[in-house]
2 protein chains.
Amino acid sequence: MRTEPVGYYMLKLTKKADYGLMALKYLAEHPETPAQSAKDIADAYGIPAQLLAKILQRLTKTGLLRSHAGMNGGYALSRDARKISAFEVIHAIDGPLFITSCTKGAKGCDLTPSCTIKEPLARVNETIIGVLKSISIYDLADQESGKAAVVGTTAVQRLVTLNL
Amino acid sequence: MRTEPVGYYMLKLTKKADYGLMALKYLAEHPETPAQSAKDIADAYGIPAQLLAKILQRLTKTGLLRSHAGMNGGYALSRDARKISAFEVIHAIDGPLFITSCTKGAKGCDLTPSCTIKEPLARVNETIIGVLKSISIYDLADQESGKAAVVGTTAVQRLVTLNL
DNA sequence: CAGTATACGACCAAATGGGTCCGGGATTCA
DNA sequence: TGAATCCCGGACCCATTTGGTCGTATACTG
Ligand code: FES
Ligand code: FES
């Protein structure tokens with residue numbers, strides 16, 4: 001649990017979701033081109049092409065992307081980058097998220113009745129989802145040189161003020 | 001990834017952290033007794049005793065609990081339940097949390113330089129941590145019959161209004 | 001038809017997580 | 001002094017989840 005490699009874990013989104021966000025951001029930053037192939041995007045970031053391909057396929061199936069086979073084909077955002085939230089991306093790739101190990105939706109865990117912690121934590125979960133929903137791909141893409149504070153009226157800005 | 005078992009995952013805290021929170025809540029609800037043994041708490045919730053033991057040991061090492069060996073020994077909160085945040089508990093058990101798969105603290109992942117997503121997500125992470133910090137063990141414990149709305153000025157209350 | 005790209009399922013290896021076992025040390029009480 | 005409790009902590013195990021590969025089928029372009 002703490003074998004002293006480094007130490008991070010917890011609340012982390014999967015690498016796949018990370019890759020997905022990176023790809024969407026990339027697409028948002030290249031609106032001029034009609035489509036970008038999976039390989040192009042993968043090469044741009046140095047991530048495994050085949051893996052990214054499957055991720056993009058999933059994003060296509062959920063309607064966030066539109067794909068086009070054949071030469072000069074590839075993927076393109078299905079709508080404005082401002083209208084795609086980080087939540088949608090993560091949800092599409094990693095599935096519905098819930099902060100407690102056991103969900104209440106279906107079967108839950110065996111000791112669900114005795115666990116009284118779950119309920120209040122659900123509220124935390126809602127908050128997190130709300131934050132993720134308030135961030136759009138556009139927000140991730142536009143800050144040019146990493147100067148995050150300049151953004152203006154985007155959700156990222158809202159986040160800072162919200163941060164207690 | 002979506003083999004259609006049910007679907008939850010993501011952003012979930014580990015069961016160990018869940019157990020830890022449950023135990024702390026339990027202790028907060030029994031202030032009269034000087035100490036509760038690991039086994040007692042484990043039995044109360046039906047969770048594996050040996051596992052909970054190790055969790056409590058860790059919480060002790062980080063200073064959230066005080067332990068006492070020997071007969072009628074056990075664990076007790078080291079300070080007021082109001083002064084112990086959910087964040088501290090989770091952090092103690094699961095280690096430092098970071099939303100991206102790769103931390104920036106130590107080595108990070110190999111493609112850290114090319115990944116531009118990480119930075120904005122770090123802000124989301126800060127927000128989440130803030131929320132977790134604003135919740136105390138006391139908040140988890142006191143709402144008697146699950147009527148969360150009654151709480152008053154606690155952090156849980158704040159959360160609801162905060163939730164956008 | 002040749003070439004490029006997506007679609008998708010099977011498969012695999014490593015990491016993580018939940019959980020157990022067991023041999024110590026304290027501490028209390030008879 | 002010892003027996004009964006109880007904490008401490010490392011070694012280990014197993015199931016699941018991840019990250020990642022491969023191969024093949026399909027679709028589109030020219
Ligand atoms: S809900 Fe399963 S342990 Fe809390
Ligand atoms: S930081 Fe490693 S992939 Fe984004």
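A note on names: the letters A, B, ... follow the listed sequences, proteins ahead of strands, and every chain is numbered from 1. Just so you know, these numbers use all the heavy atoms, side chains as well, and skip hydrogens, waters and symmetry mates.
Each of dG19(C), dT21(D), dT6(C) was ranked by its minimum atom distance to the side chain of S67(A); first place goes to dT6(C). The nucleotide whose nearest atom lies closest to any side-chain atom of A69(A) is, among dC7(D), dC28(D), dG19(D), dC28(D). Comparing dG20(D), dC6(D), dG19(C) against the side chain of K15(A) picks out dG20(D) as the nearest.
The main-chain N or O of G63(B) is found under 3.5 Å from a side-chain atom of S78(B) such that the two form a donor-acceptor pair.
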Legend entry - Steps toward side chain to side chain contact (heavy atoms under 4.5 Å, CB included) verdict (L21(A), I93(A)): CA-CA 10 Å; L21(A) 288 171; I93(A) 297 175; over 6 Å; no
What nitrogen or oxygen pairs link the protein and nucleotides 9-14 of chain D at under 3.5 Å?
unit_1	atom_1	unit_2	atom_2	d
dG9(D)	N7	Q57(B)	OE1	3.2
dA11(D)	N6	K54(B)	NZ	3.2

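Q36(A) has its CD atom 17 Å from the P atom of dT4(C), to the nearest Å. Atom C1' of nucleotide dT20(C) and atom CD1 of I47(B) are separated by 15 Å, given to the nearest angstrom. In this structure, the CG atom of D18(B) is 14 Å from the P atom of dG17(C), given to the nearest Å. Between D43(A) atom CG and dA5(C) atom P the separation is 11 Å, expressed in whole Å. Going from atom CG of L65(A) over to atom P of dA5(C) covers 17 Å, rounded to whole Å. In this structure, CG of L51(A) is placed 17 Å from P of dG23(D), rounded to the nearest angstrom. Distance, L56(A) CG to dA5(C) P: 14 Å, rounded to whole Å. A straight line from CZ of R66(B) to C1' of dC8(D) spans 18 Å, rounded to a whole angstrom.
Proximity of Y19(A) to the phosphate of dG19(D): no side-chain N or O atom is located under 4.0 Å from OP1 or OP2. Using a 4.0 Å cut-off, no side-chain N or O of H68(B) falls inside it from OP1 or OP2 of dT5(D).
Residues Y26(B) and Q36(B) are in side-chain contact: their nearest non-hydrogen atoms beyond the backbone lie under 4.5 Å apart.
Note that CZ of R82(A) is 12.0 Å distant from CG of L77(A), once rounded to the nearest 0.5 Å. Within the model, atoms CZ of R58(A) and CG of L65(A) stand 13.0 Å from one another, a figure rounded to the nearest 0.5 Å. Taking NZ from K15(B) and CD1 from I55(B), the interatomic distance works out to 11.0 Å, rounded to the nearest 0.5 Å.
Residue-level contact check: A38(A) touches the backbone only, with heavy atoms under 4.0 Å from sugar-phosphate atoms and none from bases.
Checking G70(B) against M71(A), the closest nucleotide of DNA chain C that is more toward the 5' end is the one next to M71(A).
Of the charged side-chain nitrogens involved, at least one lies within less than 4.0 Å of a carboxylate oxygen, so that R79(B) and E88(B) count as a salt-bridged pair.
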